[in-house]
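Here's the structure we're looking at; comments come further down.
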Amino acid sequence: IMVVYPLLWVLTNSFKTALQLFHQSWALPKVLNWENYVVAWKYGIARYILNSVIVTVGTVILNLTISIMAAYALSRFRFKGQTLLLFFILGGLMLAPEVALIPLFRILRFFGLYNSYLAMILPNLAFGIPFTTFLIRSYMLGLPKDFEEAATLDGASTAGIFYHVVVPLCRPILASAALLDAMRVWNEFMFGLTFITSDKLKTIPVGLMAFSGALREQYTVVMAGLIISALPMIVLFLLTQKQFIRGLAAGGLRG
């Protein structure tokens, strides 16, 4: 109730006029005022959503690609320094992003990546790999090795076993990791505020701050913009909820 009710309140009031908002804020709208959504879309919310989609998709794809290969190596192979490497990767979980802001700023400026999509993708990627690797590795440790041994007997290479056997078996945990990482990157505010100055590159969290500032007296339009910005993650969760629950439960219990 505490989580859902405020969202429903924002949703219902996004269809009202300003007068109805102040006089009947707790009542359901008698007529759906879609004009608020049209105004919110025209004020640039579409561009902010596009930027967030580019940053989120790019980060998630790179994160899953790197993390599943690292998890496979750490769960299936035995080599010198394996434990040290695992703790080095997991050490990233202990580093707060706020601590790395100044070094990241200097690095991005040095390589000419400041005020670009990569300025948001690379830091989000770096802070997402530790948890995603840990989650996928825990899942892989619980997978039976019979399929991999059978593939080895059939002459499959290590790369072939990874792509054709391990990756398909990891689909549930990959869906869970993708959704968790997507929500994290979609709602990320600090990197977008620090590393981006161009209004054309602002993501949803930073863009909504400018959006609400430009529409200080049009509260219902701002609420419509909030609903629009939340819709992609809601739709993504509804599409992947079965895989998400399966993968998260299995990844949390195994290993």
Side-chain angles (χ1 to χ4, degrees), residues 1-18 20-21 24-29 31-61 63-64 97 117 120-121 123-125 127-128 131-132 175-194 196 199-245 247-248:
I1 293 174
M2 293 177 63
V3 173
V4 175
Y5 181 74
L7 297 177
L8 293 177
W9 186 85
V10 172
L11 177 61
T12 56
N13 283 292
S14 67
F15 290 104
K16 297 178 182 179
T17 63
Q20 291 173 336
L21 173 64
Q24 301 174 350
S25 61
W26 306 103
L28 294 175
V31 179
L32 298 182
N33 183 21
W34 292 100
E35 184 66 23
N36 293 332
Y37 287 86
V38 175
V39 174
W41 192 263
K42 290 181 178 179
Y43 261 89
I45 199 76
R47 183 64 193 180
Y48 300 145
I49 291 178
L50 177 61
N51 292 334
S52 287
V53 169
I54 293 174
V55 173
T56 301
V57 172
T59 303
V60 170
I61 291 176
N63 188 10
L64 291 182
Y117 287 123
M120 291 179 285
I121 292 176
N124 279 313
L125 173 64
F127 284 95
F131 176 76
T132 307
S176 300
L179 183 57
L180 290 172
D181 199 46
M183 290 190 295
R184 176 185 66 86
V185 178
W186 187 268
N187 295 314
E188 201 285 320
F189 176 79
M190 187 176 56
F191 291 152
L193 181 65
T194 307
I196 296 297
D199 190 64
K200 295 182 179 179
L201 298 176
K202 289 181 179 178
T203 54
I204 278 291
V206 182
L208 283 177
M209 182 176 65
F211 177 77
S212 60
L215 299 170
R216 292 181 180 179
E217 298 179 357
Q218 301 184 46
Y219 299 107
T220 55
V221 178
V222 174
M223 291 180 184
L226 293 173
I227 296 299
I228 293 174
S229 66
L231 278 178
M233 287 297 103
I234 295 175
V235 173
L236 180 62
F237 177 77
L238 292 176
L239 292 176
T240 61
Q241 59 177 331
K242 292 184 179 179
Q243 296 287 344
F244 172 73
I245 295 172
L248 193 60

What's the separation between atom OG1 in Thr17 and atom CD in Gln24, rounded to the nearest 0.5 Å? 8.5 Å

Could you please spell out the steps behind the side chain to side chain contact (heavy atoms under 4.5 Å, CB included) verdict for Ile227 and Tyr37? CA-CA 9 Å; Ile227 296 299; Tyr37 287 86; 3.7 Å; yes

Verify whether one side chain among Asn124 and Thr59 offers a donor that lies under 3.5 Å from an acceptor in the other. no

Begin with the C-alpha distance, continue with both residues' side-chain angles, and end with the deciding distance and a verdict on side chain to side chain contact (heavy atoms under 4.5 Å, CB included) for Val55 and Tyr117. CA-CA 6 Å; Val55 173; Tyr117 287 123; 4.0 Å; yes

Between Leu236 and Ala182, which heavy-atom pair has the shortest distance, and what is it? CD2-CB, 4.0 Å

Please report the interatomic distance OG1(Thr203) to CZ(Arg47), rounded to the nearest 0.5 Å. 12.0 Å

For the residue pair Tyr5 and Trp26, does the interplanar ring angle fall in the parallel (under 30°), tilted (30 to 60°) or perpendicular (over 60°) class? parallel

If I compare all heavy atoms of Phe15 with all of Leu11, which pair ends up nearest, and what's the gap? CD1-O, 3.2 Å

Indicate yes or no: at least one non-hydrogen side-chain atom of Trp186 is less than 4.5 angstrom from one of Ile49. yes

Checking Asn13 side chain against Trp9 main chain: does a donor-acceptor pair fall under 3.5 Å? yes

If you define the side chain from C-beta out and look only at heavy atoms, does anything of Asn187 sit under 4.5 Å from Met233? no

Rounded to the nearest 0.5 Å, what separates atom CG in Leu208 from atom OH in Tyr48? 8.5 Å

Closest approach of Pro29 to Thr12 (non-hydrogen atoms, all atoms of both residues): CG-O, 3.7 Å

Option among Met209, Lys202, Glu188 that satisfies the side-chain contact (heavy atoms from CB on, under 4.5 Å) test with Leu193: Met209

Testing the basics here: between Thr132 and Ala177, what is the closest heavy-atom pair and its distance to 0.1 Å? CG2-CB, 3.9 Å

How far apart are the C-alpha atoms of Ile45 and Ile204, what are their side-chain angles, what is the distance that settles it, and do they pass the side chain to side chain contact (heavy atoms under 4.5 Å, CB included) test? CA-CA 8 Å; Ile45 199 76; Ile204 278 291; 4.2 Å; yes

Could you tell me whether a side-chain N or O of Thr56 sits under 3.5 Å from a main-chain N or O of Val53, the two making a donor and an acceptor? no

Would you name the heavy atoms of Ser14 and Asn36 that are closest together and state the gap between them? O-ND2, 2.7 Å

Side chain to side chain contact (heavy atoms under 4.5 Å, CB included) between Ile196 and Met120, intermediate numbers included: CA-CA 8 Å; Ile196 296 297; Met120 291 179 285; 3.6 Å; yes

Rounded to the nearest 0.5 Å, how far does NZ of Lys16 lie from CG of Leu21? 7.0 Å

Looking only at heavy atoms, which two atoms of Pro6 and Val3 are closest? And how far apart? CD-O, 3.4 Å

